[in-house]
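A short worksheet on the structure shown next.
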Amino acid sequence: MLNIVIFGPPGSGKGTQSDKITDRYGLFHISTGDVLRKHIKDGTELGKTAESYISKGQLIPDALMIDILDAHLDANPESKKGVIFDGFPRTIPQAEALTDLLEKRGTSIDAVVGLEVDDEELTDRLVKRGISSGRSDDNPETIKKRLDVYHSSTKPLKDYYTKTGHYRSIKGMGGIDEVFDEICSHLDPLSDAKK
Ligand code: AMP
């Protein structure tokens with residue numbers, strides 16, 4: 001059982017790589033963005049609140065986001081077999097809360113996989129994705145805001161997880177399979193050690 005955080009800016013390939021990691025290591029995939037978009041689609045109160053932040057490219061406040069994740073873990077017992085966290089944590093308080101949420105469940109993070117892609121390539125990928133995704137936040141203005149928020153609030157987590165010894169730097173500019181091979185070179189030994 002592994003608990004992995006996949007970390008990186010919007011458009012770095014977190015979703016794509018999470019699907020491949022889920023298959024190979026038998027993990028449960030939690031994308032906080034997907035959880036929020038489901039609430040929006042279902043028209044819940046939480047969805048309405050979430051949409052007001054997402055459409056502006058802002059982060060959902062930490063306390064609310066942490067409660068949502070806690071409830072999602074409780075509602076999905078499959079998460080006990082190990083989780084790939086995609087899009088969480090995005091701030092230092094969320095990282096601290098994740099440690100606590102896992103500790104409460106008798107487990108901990110094994111590694112943080114950091115996909116590193118430069119801003120020019122990210123903007124290009126997100127604008128292209130926007131043509132087909134239908135996402136309210138994949139437009140040039142909101143993309144710029146999301147990248148600004150990434151640099152100011154989320155990127156500090158790279159130092160945070162480097163200090164804890166969890167951070168694994170991955171060159172995210174290559175092709176999907178090439179990036180995945182590099183991720184596996186870090187996760188295979190961890191997975192083997194737990195067998
Ligand atoms: P994503 O699909 O991960 O790119 O997330 C889309 C949007 O959902 C983000 O731009 C945020 O507005 C919101 N969101 C997702 N995860 C989080 C999080 N961990 N903390 C705060 N906001 C989040």
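All values below come from the heavy atoms of this structure, side chains included, with hydrogens, waters and symmetry mates left out. Remember, it's 1-based here, ligands and their atoms both numbered in the order they're listed. Computed from a prediction, not measured in an experiment: that's the story for all the values here.
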Taking the basic N atoms (NZ, or NE/NH1/NH2) and the acidic carboxylate oxygens, is any pair closer than 4.0 Å for K38 and D34?
no

Is the shortest distance from a Lys or Arg side-chain nitrogen in R105 or D70 to a carboxylate oxygen in the other one below 4.0 Å?
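A salt bridge links R105 with D70.
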
Does the residue R37 have a heavy-atom contact with ligand 1, meaning some pair of atoms that are separated by less than 4.0 Å?
yes

Using heavy-atom distances only, which candidate in R146, K14, R90 approaches atom 3 (O) of ligand 1 most closely?
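Among R146, K14, R90, the closest heavy atom to atom 3 (O) of ligand 1 comes from R90.
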
To which protein heavy atom is [atom] closest, and what is the distance rounded to 0.1 Å?
atom	value
atom 7 (C) of ligand 1	I54 CG1, 3.9 Å
atom 22 (N) of ligand 1	I60 N, 3.1 Å
atom 13 (C) of ligand 1	L36 CD1, 3.6 Å

Geometry only, no angles: is Q58 polar-contacting ligand 1 at N/O separations under 3.5 Å?
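Yes, Q58 has an N/O under 3.5 Å of an N/O on ligand 1.
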
Output yes when the distance from some N or O of ligand 1 to some N or O of Q94 is under 3.5 Å, and no in every other case.
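Between Q94 and ligand 1 (N or O atoms, distance only) the closest approach is under 3.5 Å.
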
Do [X] and [Y] have a side chain donor and acceptor closer than 3.5 Å?
X	Y	answer
D137	Y53	no
D110	H166	no
N139	T142	yes

Does one hydrophobic cluster hold both V5 and V149, with members joined at side-chain heavy-atom distances below 4.5 Å?
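Not linked; separate clusters.
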
I60 side chain reached by I54 side chain, heavy atoms, under 4.5 Å
yes

Contacting atoms of ligand 1, where contact means under 4.0 angstrom from a heavy atom of T32
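By the 4.0 Å cutoff, the relevant atoms are 15 (C), 16 (N), 17 (C), 19 (N).
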
Contacting atoms of ligand 1, where contact means under 4.0 angstrom from a heavy atom of G33
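What qualifies from ligand 1 is 2 (O), 5 (O), 15 (C).
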
Under 4.0 Å, heavy-atom basis, I'd like to know which part of R135 is in contact with ligand 1: side chain, backbone, both or neither.
side chain

